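Since the model is a prediction, treat every value here as computed from it, not as a measurement.
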Amino acid sequence: MLEVIKPGLETSVQDLPGRIGYWEQGFPFSGPMDFWSFQLANLLVGNAPGGAGLECQFSGPTLRFQRDAVVAVTGADMAPELDGMPAPMWRSFTVRAGQTLALGFARLGARSYLAIAGGIDTPPVLGSRATFHQAGIGGMEGHALKKGQAVPVAESADGAEGRAGRQVIAARRPPLTGEKNWQIEVVPGPNDDWIDEAGHARFLSSDWLLQARSNRTGFRLTGPDWTFTKLATDKGPEHGEHPSNILDHGYPVGTINLCGQTPIILVNDAPSTGGFINPYTVPLAVFWKLAQSKPNDVYRFKSITLEAAQDMRREINRICTEESIEAV
């Protein structure tokens, strides 16, 4: 149904919650990084919140529609245009057969989400349509969109006009402001006892620069050096030589993985295990901030409790319902 005229930068098919239950075999959950914006896009067009759509990173695709459809674009502002005319964000609208929808460079935020009524209908792999680039599975032949591909879309139960003319209530959208400074909430652990008191204070009071060498596997940060407790410096040889080395163990989703002196936030396509310590973990409810930040943005971390992180996730779950959608 969708002809790819221009693929954009690593535009991929994703669904929610992604590929669950296969991490121990090397397949992470993948899925959309900003699942807040992703679910709202699906709700706008009448899909289930987790239905397969497109994640567009930094620069979006140009797509020609082969039949009438209802679509919605949320997340980063990539100045969408329909046949060269501005198209709305955070609102469902009709695209006619033969029309072209183009997303440009992200002017605000970093990742946009395109939902189409009926949902993208690529074959599921291990229970999910989500694209996992490193293994070449899911999505369109296992990788990002390519020029000339035809992306299949299922028929919408609501018909060609579907649920056009609906928008997300402004107060229910992720608050993208264009600021380059982000407060990123973290929960201590699982290896916070390997960092000394001065190291914790330095981590939470310093600016951390997001490196360009960041992707859906990990977000690399530049900042001050870490300092360690005796657990890290007076340990058995099986733990490795550097203070950040530890006997291989499982990595939580969102963990801040300390590779030497370089912290790497492990995100949607990250490995499940390794031999580095993890002093803090970014809750999933904060991933939308990671998704919408750009290289050279600055993170300042704030320590919160596990209970507070769970409350943040419950609030996003509460927002991502039909109650956040209104008629235009």
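The main-chain N or O of D192 is found under 3.5 Å from a side-chain atom of H200 such that the two form a donor-acceptor pair. Within the 3.5 Å criterion, the main-chain N or O of P32 finds a donor-acceptor partner in the side chain of N268. Between the side chain of Q167 and the backbone N or O of R91, no donor-acceptor pair lies under 3.5 Å. Although no hydrogens or angles enter the test, the distance criterion places a donor-acceptor pair under 3.5 Å between the side chain of T273 and the main chain of H249. Under a 3.5 Å cut-off, the side chain of R19 and the backbone N or O of V125 do form a donor-acceptor pair. In this structure, T74 contributes its side chain and S37 its backbone to a donor-acceptor pair below 3.5 Å. Judged by distance alone, the side chain of S244 and the main-chain N or O of G260 form a donor-acceptor pair under 3.5 Å. Within the 3.5 Å criterion, the main-chain N or O of N191 finds no donor-acceptor partner in the side chain of Y280. A donor-acceptor pair under 3.5 Å is absent between the side-chain atoms of K302 and the main chain of I184, judged by distance alone.
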Worked verdict on R96 versus D68 for side chain to side chain contact (heavy atoms under 4.5 Å, CB included) = CA-CA 4 Å; R96 299 299 181 188; D68 293 355; 3.1 Å; yes
Carefully, step by step, assess D311 and R314 under the rule salt bridge (Lys or Arg N to Asp or Glu O under 4.0 Å).
-> CA-CA 5 Å; D311 286 342; R314 292 188 189 101; 2.8 Å; yes
Given N257 and Y251, is the side-chain hydrogen bond (donor to acceptor under 3.5 Å, both in side chains) satisfied, shown in steps?
-> CA-CA 8 Å; N257 188 241; Y251 290 158; 3.3 Å; yes
Are D77 and F105 close enough, and set up right, to give a side chain to side chain contact (heavy atoms under 4.5 Å, CB included), and what steps lead you there?
-> CA-CA 8 Å; D77 182 2; F105 291 98; over 6 Å; no
Walk me through it: do D15 and R129 pass the test salt bridge (Lys or Arg N to Asp or Glu O under 4.0 Å)?
-> CA-CA 6 Å; D15 63 11; R129 294 182 170 89; 5.3 Å; no
Intermediate values then yes/no, ring pair (Phe, Tyr, Trp, His ring centres under 6.0 Å), F35 and F287 = CA-CA 8 Å; F35 61 86; F287 269 39; 7.7 Å; no
Would you sort out whether I5 and K147 count as a side chain to side chain contact (heavy atoms under 4.5 Å, CB included), showing the intermediate values?
-> CA-CA 6 Å; I5 307 302; K147 182 179 179 180; 5.8 Å; no
Candidate pair D83 and L101, rule side chain to side chain contact (heavy atoms under 4.5 Å, CB included), full reasoning = CA-CA 6 Å; D83 283 351; L101 179 65; over 6 Å; no
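Considering every non-hydrogen atom in both T281 and P190, the closest pair reads OG1-CD, 4.0 Å. Nearest heavy-atom pair across W226 and L258 is NE1-CD1, 3.4 Å. Contact between V282 and V286 at its shortest, heavy atoms only, is CG1-CB, 3.8 Å. The heavy-atom pair separating L40 from S324 by the smallest distance is CD2-CB, 4.2 Å. L266 and P271 get closest at one heavy-atom pair: CD1-O, 4.4 Å. Residues V187 and A309 share a closest heavy-atom pair of CG2-CB, 3.9 Å.
Placement of I20 and L284 within a single hydrophobic cluster is found when ILVMFWY residues are connected by side-chain heavy-atom separations under 4.5 Å, directly or transitively. In terms of hydrophobic clustering, with Ile, Leu, Val, Met, Phe, Trp and Tyr side chains grouped at heavy-atom distances under 4.5 Å, V168 and L16 are assigned to a common cluster. I316 and W90 fall within a single hydrophobic cluster, where Ile, Leu, Val, Met, Phe, Trp and Tyr are joined by side-chain heavy atoms under 4.5 Å apart, directly or via other members. A continuous path of Ile, Leu, Val, Met, Phe, Trp and Tyr side chains, each step under 4.5 Å between heavy atoms, connects L176 with L103, placing both in one hydrophobic cluster. The hydrophobic clustering, which links ILVMFWY residues whose side-chain heavy atoms are closer than 4.5 Å, places I265 and M312 together.
Donor-acceptor pairing under 3.5 Å is lacking for the side chains of Q66 and E3. With hydrogens and angles left out, the side-chain atoms of Y299 and S293 include a donor and acceptor closer than 3.5 Å. Neither side chain, E179 nor T177, offers a donor N or O lying under 3.5 Å from an acceptor on the other. Side-chain polar atoms of Q57 and R111 form a donor-acceptor pair below 3.5 angstrom. Looking only at atom types and distance, the side chain of T217 has a donor-acceptor partner in the side chain of Q134 under 3.5 Å away. Side-chain contact of S30 with D269: a donor-acceptor pair under 3.5 Å is present, judged by distance alone.
Using a cutoff of 4.0 Å between basic side-chain nitrogens and carboxylate oxygens, E55 and R216 are scored as salt-bridged.
By the neighbour-count criterion of 12 heavy atoms within 6.0 Å, atom CD of E323 is sparsely surrounded, having that number or fewer from other residues, nucleotides or ligands. Counting non-hydrogen atoms of other residues, nucleotides and ligands closer than 6.0 Å to CD of E24 gives a total of 12 or fewer. E197 CD: 12 or fewer foreign heavy atoms inside a 6.0 Å radius. Atom CD of E322 has more than 12 heavy atoms from other residues, nucleotides or ligands within 6.0 Å. Counting heavy atoms of neighbouring residues, nucleotides and ligands inside a 6.0 Å radius, atom NZ of K6 does not exceed 12 of them.
Between W36 and W288, the ring-plane angle classifies as perpendicular under the 30° and 60° cut-offs.
Residues passing the side-chain hydrogen bond (donor to acceptor under 3.5 Å, both in side chains) test with T227, sequence neighbours excluded: D196, R202.
The line from SG of C56 to CG of L9 is 10.5 Å long, rounded to the nearest 0.5 Å.
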